[in-house]
Amino acid sequence: MRSLLCTKRSRRLWVKTVVISGGNDGIGRGLALTRLERGDQVVVLGRSEVKGKAFLEAAAARDAADRAFFIAADLSLVAENKRVVEEITASFPVVDVLVLCARFFRSARYETPEGYENTFALEYLSRYLLSHGLTEALEKSEAPVIVNVAGPGIQKPGIRWNDLQSRQSYSGIAAQMQAGTANDLLGVDYAAKRGDRRTSYVLVNPGSTATSFAGAYDPVTQQQVDAMKRMGKPVAQAVAPITAVIDAPPAEPLSAYVEGQRIAVDHPALFDKKGAVRLAQVTQELLAS
Ligand SMILES: NC(=O)c1ccc[n+]([C@@H]2O[C@H](COP(=O)([O-])OP(=O)(O)OC[C@H]3O[C@@H](n4cnc5c(N)ncnc54)[C@H](OP(=O)(O)O)[C@@H]3O)[C@@H](O)[C@H]2O)c1
């Protein structure tokens, strides 16, 4: 039996191993520190070594240096996601929680060295690879859960099946919207294939939150982002309902929350089962090619 943590109220909580992509900043970082404060072991995945070091220092300041880990990785690269999965499974045989937060907005189209449009690669493909790649380690947990922090519950344009990589036309917003839809479909497909597995998939829309809004913005979009930073809710407010889900994951294979409120996942336009099967198939073909 793995170690137990006793709180002041003598309530017994499992010490969880929580992996957070994009845990270097914004909601991911807020969650990472919150989970450390609750006694969990936290593995942050991020690109910036400087921010990774700052996370480890923040952990040490909380007397949690031995429970904090940082893995530097560019998650827009398939090869890096595979390396990270190998590294995590070699060091942490059991993963209780996977939180997916990494994002980077690009006003201008950028193609990764592997030939994928960056938003598709980082905000969808990485989440596909981490979700499936860490499933074996998650299945060893007593209450495994994947929390994909994206944008469920809002009507978004569908997947551009004939131009997944936005080669014919690109806008940063459209690429983000497509990634959001793809993450909804990832959740639907992952849950549909659950079979004997126990890992629950939870889609979370935190609502407008004042984070770092990581990105490379054109001047007009930068102004809008600056306004969102001023008007968004504090990170702690977005973190609270997510951490509640981690403490008590829903039993259902798929669930979704908008700003802490659970929403139905049977709306065919928002959680399209056929589209989910098709996207999973296309993704497997892309990764195999
Ligand atoms: N903030 C909102 O208003 C809002 C609203 C709805 C949904 N969401 C969703 O909530 C999630 C978290 O958003 P946020 O606003 O908290 O994020 P954020 O503050 O913009 O932080 C993004 C994180 O992604 C990491 N990242 C960027 N490029 C990366 C790469 N190539 N490889 C690895 N890591 C990379 C960054 O780490 P480095 O700095 O190390 O690169 C950073 O930790 C996202 O999925 C977002 O779509 C946010």
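For the numbers below, each heavy atom of this structure counts, side chains included, while hydrogens, waters and symmetry mates do not. Whatever order the structure lists ligands and atoms in, that order sets their numbers, starting from 1.
Distances between N or O atoms of Ile27 and those of ligand 1 include at least one value under 3.5 Å. Note: an N/O pair closer than 3.5 Å links Ala214 and ligand 1 by distance alone. For ligand 1, one of its N or O atoms has an N or O atom of Phe213 under 3.5 Å away.
With a 6.0 Å radius and a threshold of 12 heavy atoms from other residues, nucleotides or ligands, Lys53 has its NZ atom at or below the threshold. The 12-atom threshold is not exceeded at CD of Gln223, counting heavy atoms of other residues, nucleotides or ligands nearer than 6.0 Å. By the neighbour-count criterion of 12 heavy atoms within 6.0 Å, atom NZ of Lys193 is densely surrounded, having more than that number from other residues, nucleotides or ligands. Within a 6.0 Å sphere centred on CD of Glu139, heavy atoms belonging to other residues, nucleotides or ligands number more than 12.
Scanning the protein for heavy atoms near atom 32 (N) of ligand 1, the closest one is Leu75 N, 2.9 Å. Counting only heavy atoms of the protein, atom 9 (C) of ligand 1 lies nearest to Val149 O, 3.8 Å. For atom 43 (O) of ligand 1, the closest heavy atom belonging to the protein is Asp25 N, 3.1 Å. In this structure, atom 35 (C) of ligand 1 lies nearest to the protein heavy atom Ala102 CB, 4.1 Å. Scanning all protein heavy atoms for the shortest distance to atom 11 (C) of ligand 1 gives Cys101 O, 3.6 Å. Nearest non-hydrogen protein atom to atom 46 (C) of ligand 1 is Arg103 NH1, 3.8 Å. In terms of protein heavy atoms, atom 8 (N) of ligand 1 is closest to Pro206 CG, 3.6 Å. Looking from atom 14 (P) of ligand 1 to the surrounding protein, the closest heavy atom is Thr211 OG1, 3.6 Å.
By the criterion of a heavy-atom distance under 4.0 Å, the backbone of Ala73, and not its side chain, is placed next to ligand 1. At a heavy-atom distance under 4.0 Å, only side-chain atoms of Leu122, from C-beta outward, approach ligand 1. When non-hydrogen atoms are compared, ligand 1 lies under 4.0 Å from neither the backbone nor the side chain of Glu259.
Residue contact annotation: Ala150 has a non-hydrogen atom under 4.0 Å from ligand 1. Heavy atoms of Gly207 come nearer than 4.0 angstrom to ligand 1 in at least one pair. Not a single heavy atom of Gly232 sits under 4.0 Å from any atom of ligand 1.
Under 3.5 Å, the side chains of Asn81 and Ser126 contain a donor-acceptor pair of N or O atoms. A donor atom on one side chain and an acceptor atom on the other are not found under 3.5 Å apart for Thr119 and Tyr110. Donor-acceptor pairing under 3.5 Å is recorded for the side chains of Ser169 and Arg160.
Those atoms of ligand 1 that come under 4.0 Å of a heavy atom in Ser208, given as number and element, are 3 (O). Ligand-side atoms of ligand 1 in range of Gly26: 16 (O), 19 (O), range being under 4.0 angstrom from any heavy atom. Shown in contact with Ser212 at under 4.0 Å from a heavy atom are these atoms of ligand 1, numbered in order with element: 18 (P), 19 (O), 20 (O), 21 (O). Every atom of ligand 1 with a heavy atom of Asp74 under 4.0 Å away is listed here by number and element: 30 (C), 31 (N), 32 (N). Within the listing of ligand 1, atoms 39 (O) sit less than 4.0 angstrom from a heavy atom of Lys51. Below 4.0 Å from some heavy atom of Arg127 lie the following atoms of ligand 1, by number and element: 44 (C), 45 (O).
Checked against the 6.0 Å centroid criterion, the rings of Tyr128 and Tyr190 do not qualify as a close aromatic pair.
Here the side chains of Gln41 and Lys16 are not in contact, with every heavy-atom distance at 4.5 Å or above.
In terms of modelled atom types and a separation under 3.5 Å, the side chain of Asn183 and the main chain of Glu123 share a donor-acceptor contact.
The heavy atom nearest to atom 38 (P) of ligand 1, out of those in Gly22, Ala32, Ser48, is found in Ser48.
Summarising the geometry, atom CG belonging to Leu287 is positioned 5.0 Å from atom OH belonging to Tyr116; distances are rounded to the nearest 0.5 Å. The CD1 atom of Ile146 lies 4.0 Å from the OG atom of Ser131; values are rounded to the nearest 0.5 Å.
Distances from atom 2 (C) of ligand 1 to the protein include at least one heavy-atom value under 4.0 Å.
Screening Asp184, Asp266, Val202, Val188 for a side chain to side chain contact (heavy atoms under 4.5 Å, CB included) with Leu254, the sole residue that qualifies is Val188.
Ion pairing of Arg67 with Asp40 is absent here, as no side-chain N (NZ or NE/NH1/NH2) approaches a carboxylate O to less than 4.0 Å.
Annotation: cation-pi geometry not satisfied between Arg194 and Tyr201 (NZ/CZ under 6.0 angstrom from ring centroid, within 45° of ring axis).
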